[in-house]
Amino acid sequence: MRTVYRVGFLALLSFALVGMPALASPANPASVPLGVVLQANNAQVGADITDGGATIYDGDLLQTGNGTLRARLGGPQMYLRANTAAQVHGLPNGFSADLGAGTVVVSSTKGQTFQLLADGATIRPAGAQETIVQITRVNANELLLTSTRGAVEVRMDDEVKTIEAGSSYRMEVEPEDPGPGPQGG
């Protein structure tokens with residue numbers, strides 16, 4: 001009888017030891033890296049001050065003080081000038097960034113893409129060609145765009161504007177009408 005208990009105990013112990021690594025794994029595994037910082041000066045990725053070689057993950061906020069940051073996000077690259085903030089997310093063949101402030105230069109290689117969101121506008125390459133574009137968020141109602149290589153498509157609501165290589169475009173966004181103000185006597 002003692003042998004039966006011993007075999008049962010060893011079987012239970014073996015089963016428990018086999019199952020423990022599965023129990024120890026995190027419920028939400030770490031996300032896959034989105035890119036890497038190529039060079040940085042007075043810049044942050046998330047809450048951490050960074051320099052070249054830091055890993056960028058989906059949802060990270062890239063920020064510069066009076067410095068700059070250059071990152072490769074898959075094939076495309078992003079260069080943040082001084083006093084710029086952009087939150088990045090992955091796309092199947094590139095990245096998406098939400099420009100909160102400042103100036104960013106975005107480049108994509110042939111077949112890669114990016115999507116930049118700013119002041120309600122969506123900026124992306126007009127085709128699968130190599131593209132380089134600079135976007136400056138002047139304020140919550142104004143963007144300046146300059147395409148130096150490849151055509152860029154700017155979409156806002158139902159309007160679509162194509163900016164050809166070598167062209168610049170100033171976009172003013174009218175603030176939404178807050179509706180009627182308070183009624184006075």
Single-linkage hydrophobic cluster [X]~[Y], side-chain heavy atoms < 4.5 angstrom:
X      : Y      : result
Leu143 : Tyr169 : yes
Met156 : Leu116 : yes
Tyr79  : Val104 : no

Flag, side chain of [X] to backbone of [Y], donor-acceptor distance under 3.5 Å:
X      : Y      : result
Thr131 : Gln129 : yes
Arg137 : Gly100 : yes
Thr109 : Gly75  : no
Asn139 : Asn141 : yes
Gln112 : Lys110 : no

Any side-chain heavy atom of [X] within less than 4.5 Å of one from [Y]?
X     : Y      : value
Gln63 : Thr84  : no
Phe95 : His89  : no
Val88 : Asp58  : no
Met78 : Arg70  : no
Gln77 : Val106 : no

Residue pair [X] / [Y]: nearest heavy atoms and the distance that separates them:
X      : Y      : result
Thr113 : Pro76  : O-CG, 3.3 Å
Ile132 : Ser107 : CG1-CB, 3.7 Å
Thr162 : Ala126 : CG2-CB, 4.5 Å
Ala71  : Ile56  : CB-CD1, 3.5 Å
Thr68  : Ala43  : O-CB, 3.8 Å
Thr64  : Ala82  : OG1-C, 3.5 Å

Once you round to the nearest 0.5 Å, how far does [atom1] of [X] lie from [atom2] of [Y]?
X      : Y      : atom1 : atom2 : result
Ser167 : Leu145 : OG    : CG    : 11.5 Å
Asn42  : Asn66  : CG    : CG    : 4.5 Å
Ser96  : Leu34  : OG    : CG    : 10.0 Å
Gln87  : Leu61  : CD    : CG    : 6.0 Å
Leu99  : Asp119 : CG    : CG    : 8.0 Å
Ile135 : Met171 : CD1   : CE    : 11.5 Å

Item to complete: Can you spot which of Leu117, Val154, Val160 makes a side chain to side chain contact (heavy atoms under 4.5 Å, CB included) with Thr122?
Response: Leu117

Worksheet item: Can you check salt bridge (charged side-chain N to carboxylate O under 4.0 Å, His left out) on Arg155 and Glu153, steps first, answer last?
Response: CA-CA 6 Å; Arg155 181 179 298 269; Glu153 177 184 281; 3.5 Å; yes

Fill in: Thr136: side chain to side chain contact (heavy atoms under 4.5 Å, CB included) partners, not counting sequence neighbours
Thr103, Gln134, Val138, Leu144

Worksheet item: Does atom CZ of Arg149 have more than 12 heavy-atom neighbours, drawn from other residues, nucleotides or ligands, at distances under 6.0 Å?
Response: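 For Arg149, atom CZ is not crowded (no more than 12 foreign heavy atoms under 6.0 Å).
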
